[in-house]
Protein chains: 4
Amino acid sequence: MDFIDYLDSRPIYQQIADRYKQLILTGVMEPDEQLPSVRKLAMELSTNPNTVQRAYAALEREGYVYSVKGRGNFVRANDTLKSKQKEELKGKMKDLIKEIQAVGLDPQELFAEAMEEAAEDDRD
Amino acid sequence: MDFIDYLDSRPIYQQIADRYKQLILTGVMEPDEQLPSVRKLAMELSTNPNTVQRAYAALEREGYVYSVKGRGNFVRANDTLKSKQKEELKGKMKDLIKEIQAVGLDPQELFAEAMEEAAEDDRD
Amino acid sequence: MDFIDYLDSRPIYQQIADRYKQLILTGVMEPDEQLPSVRKLAMELSTNPNTVQRAYAALEREGYVYSVKGRGNFVRANDTLKSKQKEELKGKMKDLIKEIQAVGLDPQELFAEAMEEAAEDDRD
Amino acid sequence: MDFIDYLDSRPIYQQIADRYKQLILTGVMEPDEQLPSVRKLAMELSTNPNTVQRAYAALEREGYVYSVKGRGNFVRANDTLKSKQKEELKGKMKDLIKEIQAVGLDPQELFAEAMEEAAEDDRD
DNA sequence: GTGGTCTAGACCACA
DNA sequence: GTGGTCTAGACCACG
């Protein structure tokens with residue numbers, strides 16, 4: 001379970017944060033469930049504790065997690081997270097649509113083709 | 001014609017490169033047309049020549065322009081560029097679709113809503 | 001009677017101490033009344049005895065209780081406590097007023113609005 | 001101009017951030033004015049560049065500042081900052097009022113006395 | 001044991 | 001020169 005990709009352009013701390021956001025939003029991790037300790041996760045990913053700490057701090061700032069000194073980090077039960085996430089993704093989609101329109105292509109067509117290809121990838 | 005936005009999170013050289021990609025792909029700049037010289041454009045944008053240089057290098061590396069030593073930079077014939085650009089955007093769309101599916105949302109629904117909002121933004 | 005809130009940003013030992021300060025100052029606990037034993041309270045709150053110990057130490061240090069070796073912890077006569085507490089709160093208020101003035105806002109106005117909102121919260 | 005107080009319980013990076021928030025909100029620093037570079041400020045305060053970096057990152061996250069790679073950090077022109085700040089301070093005031101009421105004291109009286117004392121401090 | 005902060009020093013991308 | 005990320009190692013507060 002080593003989800004750091006050094007070829008990924010995102011910084012490591014953000015890859016970690018994004019990974020846990022996904023685990024939380026998809027319900028793989030349940031409210032009040034404890035995240036691995038900073039040091040332990042750092043060992044597992046063979047990265048530096050500071051880097052994990054930074055990821056956890058970001059998760060706490062954005063409301064995905066609450067942290068109790070001396071005890072650990074825990075998943076926050078927050079119903080608003082999903083809608084927040086949806087708005088964020090919709091924003092990304094809007095940006096992409098505008099980029100497509102700016103070069104004179106048809107977003108609808110590209111979307112349809114991309115859906116097709118994504119489905120194919122899934123079958124692999 | 002000052003298209004640098006310091007509040008934009010993209011680095012400056014990329015804003016410049018992106019701007020010229022768009023001008024080329026939309027046909028505003030025609031094949032073999034000459035781009036402004038590095039120094040001149042740097043003056044116009046009141047930025048560092050190194051930055052313009054980096055933008056032009058990116059454009060050349062991605063096949064949008066060709067450079068002739070001692071003469072300048074020129075737009076490459078854009079036959080293949082359009083399809084290449086389309087593939088690139090389709091790739092981005094596919095990544096976004098996968099990200100949406102990963103958190104259990106419906107890409108079709110989000111796409112429709114984003115199209116709606118993009119149209120609204122245009123009307124402003 | 002479980003007054004620990006893990007979402008509260010204050011450390012647990014302080015939540016416990018604050019709770020007892022309030023009980024003492026409001027007269028719910030009377031002078032020379034005995035506090036629960038460290039072990040018993042730790043059980044009740046399902047927390048670590050060290051934590052309760054630290055809370056009691058803080059209470060003793062600040063003069064709210066006195067401890068008798070081998071017997072337990074007892075509420076101190078609260079004659080002087082009230083005025084001490086008042087000075088402490090007045091100090092906090094003064095700091096906040098200065099902070100408000102430092103950014104050019106009007107403390108009187110903010111105070112009035114905050115009183116209003118606090119009253120509203122109470123009605124819920 | 002050394003505004004770090006090692007006796008202050010707030011972490012250093014936050015003292016720095018708070019200081020600049022105040023400078024920005026009071027208009028001492030104007031929109032698009034450049035903040036000292038990370039390294040330079042670290043020297044001035046004889047602290048570590050990482051610590052300053054952390055302060056600047058917080059300022060950017062909270063919308064007080066924008067950062068341009070290779071150029072520096074600049075004050076953001078944001079009209080909503082003042083109202084945001086006001087809400088934050090009102091929240092603090094509300095918390096304090098509730099704390100005062102919890103021990104059975106009169107907020108209005110304490111506020112008046114604190115205002116008095118704050119005025120006296122100013123005359124020194 | 002836990003998280004949070006800080007220092008020192010390195011490397012990278014960018015202008 | 002600028003900001004941003006990462007490592008290594010230390011210290012503190014908390015449970």
Side-chain angles (χ1 to χ4, degrees), chain A residues 4 6 9-16 34-42 45-60 65-74, chain B residues 4 6 9-17 42 45-55 57-58, chain C residues 4 6 9-16 38 42 45-55 57-58, chain D residues 4 6 9-16 34-42 45-60 65-74:
Chain A
I4 292 182
Y6 285 99
S9 66
R10 286 173 303 166
I12 295 175
Y13 80 92
Q14 203 173 74
Q15 292 185 39
I16 298 174
Q34 184 166 9
L35 277 68
S37 88
V38 169
R39 291 161 173 80
K40 194 176 154 222
L41 185 56
L45 303 178
S46 38
T47 186
N48 190 291
N50 272 331
T51 305
V52 176
Q53 173 70 20
R54 198 168 173 182
Y56 281 10
L59 286 171
E60 188 182 13
V65 141
Y66 63 91
S67 138
V68 187
K69 256 198 203 172
R71 293 185 54 111
N73 288 274
F74 303 85
Chain B
I4 292 183
Y6 286 108
S9 63
R10 286 174 302 166
I12 294 171
Y13 86 94
Q14 202 172 72
Q15 292 186 39
I16 299 174
L45 303 176
S46 42
T47 188
N48 192 309
N50 281 338
T51 307
V52 176
Q53 182 59 40
R54 191 179 294 216
Chain C
I4 293 183
Y6 286 108
S9 64
R10 287 174 302 167
I12 293 170
Y13 86 94
Q14 202 171 73
Q15 291 186 39
I16 298 173
V38 169
L45 303 177
S46 41
T47 189
N48 192 309
N50 281 337
T51 307
V52 175
Q53 181 59 40
R54 189 179 296 218
Chain D
I4 292 183
Y6 285 99
S9 65
R10 286 173 304 165
I12 296 175
Y13 80 92
Q14 203 172 75
Q15 292 185 40
I16 298 174
Q34 183 166 9
L35 278 68
S37 87
V38 169
R39 292 160 172 84
K40 194 176 152 219
L41 186 55
L45 303 178
S46 38
T47 187
N48 189 291
N50 272 332
T51 305
V52 176
Q53 173 70 20
R54 198 169 174 181
Y56 280 11
L59 287 171
E60 188 182 12
V65 141
Y66 63 90
S67 137
V68 188
K69 257 197 200 171
R71 293 184 56 111
N73 288 274
F74 304 86

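Sequence lines set the chain letters: A, B, ... in the order given, protein chains first and strands last, and positions in each chain run from 1.
- Between Thr47(D) and dT7(E) there is a side-chain N or O to OP1 or OP2 distance below 4.0 Å.
- The CD atom of Gln53(D) sits 18 Å away from the P atom of dC11(E) (whole-angstrom rounding).
- For the pair Tyr13(B) and dA15(E), the criterion of a side-chain N or O lying under 4.0 Å from OP1 or OP2 is not met.
- Between dC6(E) and Thr51(D), no contact under 4.0 Å exists linking OP1 or OP2 to a side-chain N or O.
- Distance Ile16(D) CD1 to dT5(E) C1': 12 Å, rounded to the nearest Å.
- In this structure, the CG atom of Asn73(A) is 17 Å from the P atom of dC14(F), given to the nearest Å.
- At dG3(E), none of the side-chain N or O atoms of Ser67(A) fall inside 4.0 Å of OP1 or OP2 (strictly under the cut-off).
- Whole-Å rounding puts the Arg39(D) CZ to dA10(E) P distance at 13 Å.
- Between Pro11(D) and Val68(D), the residue anchored nearer the 5' end of DNA chain E, judged by the nucleotide with its closest heavy atom, is Pro11(D).
- Atom CG of Leu59(D) and atom P of dG3(F) are 13 Å apart (whole Å).
- Residue Asn48(A) is classed as a base contact, given a heavy-atom separation below 4.0 Å to a base.
- A donor and an acceptor atom never sit less than 3.5 Å apart when one is taken from the side chain of Arg71(D) and the other from the base of dG3(F).
- Separating the CD atom of Gln34(A) from the P atom of dG1(E) is a distance of 14 Å, rounded to the nearest angstrom.
- Among the heavy atoms of the strands lying under 4.0 Å from Asn50(A) is at least one base atom, whether or not backbone atoms are also near.
- Look at Arg54(B) and you'll find a side-chain N or O under 4.0 angstrom from OP1 or OP2 of dC14(E).
- The NZ-C1' distance, from Lys40(A) to dG1(E), rounds to 13 Å in whole Å.
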